[in-house]
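Note that the structure is a prediction, hence the values are computed from the model and not measured.
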Amino acid sequence: MFLIYGRVCWICGHEGAGQADHLVPISIDEDQPIDPHAMRPAHGSSAPCPVCKGRDGSPRKCNQERGNRPVPTPLKTSQEW
């Protein structure tokens, strides 16, 4: 998936994404096939965003904070989701 889409987080637009985020969350469709075209790079627990900050000032874990909600377009990374 990273070979296809690189390491830019599809949620916030910053470099350094280290997790694959399912476009349709597993909690919504647990039977979906493993398909790299149905995933996008995102920051997460193992590689939080070096730019965005969470409510407590720590680096944002975009994938975990998104949960199973849709991503707004465009996402304003300087504001709370």
Atom pair CD1 (Ile11) and CD (Glu65), whose distance is rounded to the nearest 0.5 Å: 9.0 Å
Arg7 side chain vs Ala17 backbone, donor-acceptor pair below 3.5 Å: yes
Set of side-chain contact (heavy atoms from CB on, under 4.5 Å) partners for Ala20, sequence neighbours left out: Met1, Met39
Crowding at CD1, Ile34 (>12 non-hydrogen neighbours, <6.0 Å): no
Nearest-0.5 Å distance that lies between atom CZ in Arg66 and atom NE2 in His22: 10.5 Å
Pairs where residues 42-52 contributes a residue and the test side-chain hydrogen bond (donor to acceptor under 3.5 Å, both in side chains) is met, not counting sequence neighbours: none
By side-chain contact (heavy atoms from CB on, under 4.5 Å) - contacts of Ser27 (at least two apart): Pro25, Asn68
Where at least one partner belongs to residues 31-41, residue pairs that pass salt bridge (Lys or Arg N to Asp or Glu O under 4.0 Å), sequence neighbours excluded: none
Any Arg60 side-chain heavy atom under 4.5 Å of Pro48 side chain: no
Val24: hydrophobic cluster co-members (side-chain, 4.5 Å): Ile28
Any side-chain heavy-atom pair of Cys49 and Pro59 under 4.5 Å: no
For Pro41 against Phe2, the heavy-atom pair lying closest together: CB-CE2, 3.8 Å
side-chain contact (heavy atoms from CB on, under 4.5 Å) between Ile4 and His37, worked out: CA-CA 8 Å; Ile4 298 169; His37 296 285; 3.7 Å; yes
Set of residues satisfying side-chain hydrogen bond (donor to acceptor under 3.5 Å, both in side chains) with respect to Glu15, sequence neighbours excluded: none
CG on Asp21 to OH on Tyr5, rounded to 0.5 Å: 12.5 Å
From Lys53 atom NZ to Ser58 atom OG, the distance as rounded to the nearest 0.5 Å: 8.0 Å
All side-chain contact (heavy atoms from CB on, under 4.5 Å) counterparts of Leu3, not counting sequence neighbours: none
